[in-house]
There are 2 protein chains.
Amino acid sequence: MEDVARLAGVSTATVSRTLRGLPNVSEETRDRVLQAAASLSYVVSPIASRLASGRTHTVGVIVPYASRWFFGQIVAGAESVLREHSLDLLLYNIGDIPSRQRFFGALPLRRRVDAVLTVAMQFTDAEISDLRSLGVPIVAVGHNVPGAGCVRIDDVAAASAAVQHLLALGHRRIGMISTFNDQSMFLPVAHARRRAYVDTLTGAGIPIAEELVISVPHGMDGGEQAMRRLLTLADPPTAVFAESDELAFGALSALRRTGRHVSVIGFDDHELSALLDLTTVRQRVFEQGVLAAGMLRRAMTAGAWTPEELLMPTTLVLRASTWPVAVRTAGPG
Amino acid sequence: MEDVARLAGVSTATVSRTLRGLPNVSEETRDRVLQAAASLSYVVSPIASRLASGRTHTVGVIVPYASRWFFGQIVAGAESVLREHSLDLLLYNIGDIPSRQRFFGALPLRRRVDAVLTVAMQFTDAEISDLRSLGVPIVAVGHNVPGAGCVRIDDVAAASAAVQHLLALGHRRIGMISTFNDQSMFLPVAHARRRAYVDTLTGAGIPIAEELVISVPHGMDGGEQAMRRLLTLADPPTAVFAESDELAFGALSALRRTGRHVSVIGFDDHELSALLDLTTVRQRVFEQGVLAAGMLRRAMTAGAWTPEELLMPTTLVLRASTWPVAVRTAGPG
DNA sequence: TTGTATGCGTTATCAC
DNA sequence: GTGATAACGCATACAA
């Protein structure tokens with residue numbers, strides 16, 4: 001920077017001001033500085049800049065399973081807007097117990113981020129207070145954190161619509177595939193969707209059969225296990241509501257291998273769901289990442305930020321996996 | 001840090017040494033310092049540390065399409081080992097022209113990373129020299145960069161095996177679905193696999209029919225377009241080799257919607273390929289990310305590092321999508 | 001509008 | 001083994 005200042009015949013302070021686009025620099029000197037910087041192919045050291053200014057220009061993103069489709073979409077969406085404003089994104093994948101303990105033991109985010117984005121996590125009170133101790137704004141996607149911003153869908157209403165659809169098709173024995181994590185804790189999303197399942201059936205006068213609700217680890221394998229267990233029941237369900245499309249894929253796989261037929265409805269509208277003819281509840285996942293990042297930016301720039309809450313719409317997408325059997329045999333399935 | 005030093009009755013230099021685990025500190029003072037730091041719940045500022053030490057503890061990862069399955073797996077694999085050594089991972093998604101231009105225009109990696117990982121990119125000579133000007137070790141996955149380390153499979157051999165498989169099934173009119181990016185540049189992987197296609201057919205005495213090789217943007221939609229175009233030919237192929245499973249998924253989708261039958265073989269063994277009964281060439285993607293990160297670490301720590309090259313094995317996985325038609329009708333497909 | 005001087009929180013090079 | 005002290009490269013009150 002000194003070199004640039006010398007070459008432009010100004011002080012380093014002026015160079016700094018110019019390079020950051022501050023208003024109080026004359027046109028003429030601005031040009032001189034920019035030329036000097038260009039000719040020396042100089043760039044500010046972000047690290048030094050961060051130390052001096054106290055701002056990290058980084059947001060920490062906490063997800064439970066980074067490689068799952070849903071989280072990939074959220075992160076990609078957030079990344080697209082953060083990158084646009086040259087903010088860094090530091091990803092923390094803390095789905096399993098050891099990494100989660102390490103994370104909250106050391107809190108590697110301390111002094112490292114200007115904001116935090118959490119996605120579909122279930123935090124304990126202690127963890128929440130740890131997060132708040134960072135002293136930066138927090139935005140949560142898919143779950144609520146007291147004092148934090150929030151982008152989500154109405155999980156209860158959406159899941160209820162899914163179950164209603166099965167009821168409307170005449171199903172009375174309806175199963176559900178739910179998830180839990182390594183700590184046997186239900187993620188908030190799982191909790192809401194299960195509640196909707198219970199309430200909707202109960203509301204329709206159908207008693208809940210414990211054996212029809214299976215909880216498995218998230219992913220295709222979990223879905224396959226769950227459906228296999230349901231199929232071994234003396235009185236198996238005629239339809240199943242899976243908490244996510246990936247679980248539903250596993251369920252479809254089990255059905256295919258066993259040659260049985262059970263209607264299946266998923267949740268998310270994964271990019272492969274159309275190909276697999278899976279009826280599902282569509283939500284715009286990438287966009288939620290975009291909106292959350294936008295909220296984060298507002299929180300970082302605004303002096304006083306009052307947490308906002310954004311509710312995104314969902315749509316029921318009807319496909320062959322829940323067609324009435326009579327129709328299904330004649331369809332493209 | 002001063003507070004800790006005061007509380008422990010030592011200098012900040014000793015605190016720094018202790019906290020970094022340097023050898024020349026006595027047991028006794030070490031304990032005092034650690035206790036003091038703990039009681040003040042003190043953590044070193046990574047930013048200040050980086051400025052003073054000159055090391056960023058960060059690796060930059062450059063990918064063309066972060067949200068595609070393949071790249072997600074690579075990044076997840078790399079992240080798992082980098083996190084273990086508390087190294088940060090800065091992801092740059094530069095698949096489209098504008099972001100690519102911005103990236104090479106500003107080179108935001110300058111002064112920000114200790115190493116670079118690139119995944120399946122096709123760089124121009126100018127871009128390569130830009131990358132090298134960063135002055136840090138580079139490791140490439142799925143392509144070669146002169147002077148850089150490399151983790152990859154033998155694309156030519158693997159693709160050749162795929163085409164051989166189709167030939168062995170008796171197919172003589174074999175199509176290929178290939179990809180290009182926004183700049184109409186073929187990615188190195190696409191290039192190698194297409195060459196294998198051409199050479200293998202030629203070697204079998206089958207002339208190449210231009211109209212059977214379709215190039216589309218990567219992803220399911222591209223695969224669907226490609227297969228639709230192939231189906232409109234006067235003499236359509238009886239089998240198709242898709243450069244990736246996601247392209248193959250799109251091809252399967254087109255076949256399903258049109259009710260036609262063409263054998264399809266993909267490449268990767270995507271986690272959903274088994275469910276879709278797709279014959280494919282399996283490669284261990286996550287593991288390649290792990291190995292690349294390990295190589296990166298060696299390059300960062302070792303004083304003089306000579307670029308290594310790692311060749312990973314592939315396997316042909318036979319499924320229903322390439323079953324002979326006679327057998328297929330009797331099978332689970 | 002521009003320059004001066006101090007601080008940001010460490011690491012590292014010396015001495016002791 | 002330990003303690004001063006000078007970098008590290010920039011941002012920013014403050015003064016001019």
Side-chain angles (χ1 to χ4, degrees), chain A residues 1-37 40-58 86 88 107-114 134-135 300-301, chain B residues 1-34 36-37 40-58 86 88 107-114 134-135 300-301 303:
Chain A
M1 194 168 204
E2 270 184 12
D3 299 340
V4 176
R6 233 192 322 270
L7 207 159
V10 295
S11 72
T12 62
T14 303
V15 174
S16 175
R17 281 190 280 258
T18 303
L19 262 33
R20 279 182 298 153
L22 295 191
N24 42 356
V25 177
S26 77
E27 283 274 337
E28 184 209 7
T29 56
R30 173 183 307 280
D31 290 348
R32 271 216 316 283
V33 170
L34 290 179
Q35 273 192 13
L40 294 175
S41 78
Y42 165 85
V43 281
V44 250
S45 156
I47 294 179
S49 164
R50 286 165 190 198
L51 178 57
S53 70
R55 275 190 233 98
T56 65
H57 289 283
T58 304
S86 42
D88 289 343
L107 264 197
L109 253 38
R110 267 189 293 190
R111 313 226 227 166
R112 307 189 97 244
V113 295
D114 295 334
L134 295 174
M300 292 168 62
T301 52
Chain B
M1 194 168 205
E2 269 183 13
D3 298 341
V4 177
R6 231 191 324 270
L7 207 158
V10 296
S11 72
T12 62
T14 303
V15 174
S16 176
R17 278 190 282 258
T18 303
L19 263 32
R20 280 181 296 154
L22 295 191
N24 41 357
V25 179
S26 77
E27 282 275 336
E28 184 209 7
T29 57
R30 172 182 308 279
D31 290 349
R32 271 215 317 282
V33 170
L34 290 178
L40 295 175
S41 77
Y42 162 86
V43 281
V44 280
S45 156
I47 293 180
S49 166
R50 287 165 189 197
L51 177 57
S53 71
R55 274 189 235 101
T56 65
H57 289 284
T58 304
S86 42
D88 289 344
L107 264 198
L109 252 39
R110 266 189 293 190
R111 313 228 228 165
R112 308 189 93 238
V113 295
D114 295 334
L134 295 174
M300 292 167 62
T301 52

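As the structure is a prediction and not an experimental result, all values here were calculated from the model. Chain letters run A, B, ... following the sequence lines, proteins first and then strands; every chain starts at 1.
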[X] to [Y] - nearest heavy-atom pair and separation:
{"X": "B:R111", "Y": "A:Y42", "answer": "NH2-CE1, 3.4 Å"}
{"X": "B:A5", "Y": "B:S11", "answer": "CB-C, 3.8 Å"}
{"X": "A:I47", "Y": "B:L51", "answer": "CG2-N, 3.6 Å"}

Check side chain to side chain donor-acceptor pair (under 3.5 Å) between B:T12 and all other residues, then give those that pass, not counting sequence neighbours.
none
Just jot down the side chain to side chain donor-acceptor pair (under 3.5 Å) partners of A:S26, sequence neighbours excluded, or say none.
A:T29
Tabulate protein N/O versus nucleotide N/O from nucleotides 14-16 of chain C, keeping only pairs under 3.5 Å, one per line.
none

Can you measure [X] atom [atom1] to [N] atom [atom2] for me and round it to whole angstrom units?
{"X": "A:N24", "N": "D:dA13", "atom1": "CG", "atom2": "C1'", "answer": "13 Å"}
{"X": "A:L22", "N": "C:dG3", "atom1": "CG", "atom2": "C1'", "answer": "15 Å"}
{"X": "A:L19", "N": "D:dA11", "atom1": "CG", "atom2": "P", "answer": "8 Å"}
{"X": "A:I47", "N": "D:dA11", "atom1": "CD1", "atom2": "C1'", "answer": "16 Å"}

Derivation of the side-chain contact (heavy atoms from CB on, under 4.5 Å) call for A:S86 and A:H57:
CA-CA 8 Å; A:S86 42; A:H57 289 283; over 6 Å; no
Does A:S11 have a side-chain nitrogen or oxygen under 4.0 Å from the phosphate oxygens OP1 or OP2 of C:dT2?
no
Have a look at B:T29 and say if it touches a base, only the backbone sugar-phosphate, or nothing, with a 4.0 Å heavy-atom cut-off.
sugar-phosphate
Per nearest nucleotide of DNA chain D, the residue lying toward the 5' end, B:G9 or A:R55, is B:G9
Using only atom types and a distance under 3.5 Å, with no angle test, would you say the side chain of [X] pairs donor to acceptor with the backbone of [Y]?
{"X": "B:T18", "Y": "B:V33", "result": "no"}
{"X": "A:T58", "Y": "A:V113", "result": "no"}
{"X": "A:R17", "Y": "A:L22", "result": "no"}

Measure all distances between protein nitrogen or oxygen atoms and nitrogen or oxygen atoms of nucleotides 7-10 of chain D, and list the pairs falling under 3.5 Å.
residue	atom	partner	partner atom	Å
D:dC10	OP1	A:Y42	OH	2.6
D:dC10	OP1	A:S45	N	3.0
D:dC10	OP1	B:R111	NH2	3.2
D:dC10	OP2	A:Y42	OH	3.4
D:dC10	O5'	A:Y42	OH	3.4

Excluding sequence neighbours, so at least two apart, what forms salt bridge (charged side-chain N to carboxylate O under 4.0 Å, His left out) with B:R112?
A:D88
Need the bend value for the helix from C:dT1-D:dA16 to C:dC16-D:dG1: angle between end axes, 5 pairs each end, nearest 10°.
30°
Any side-chain heavy-atom pair from B:L34 and B:L19 closer than 4.5 angstrom?
yes
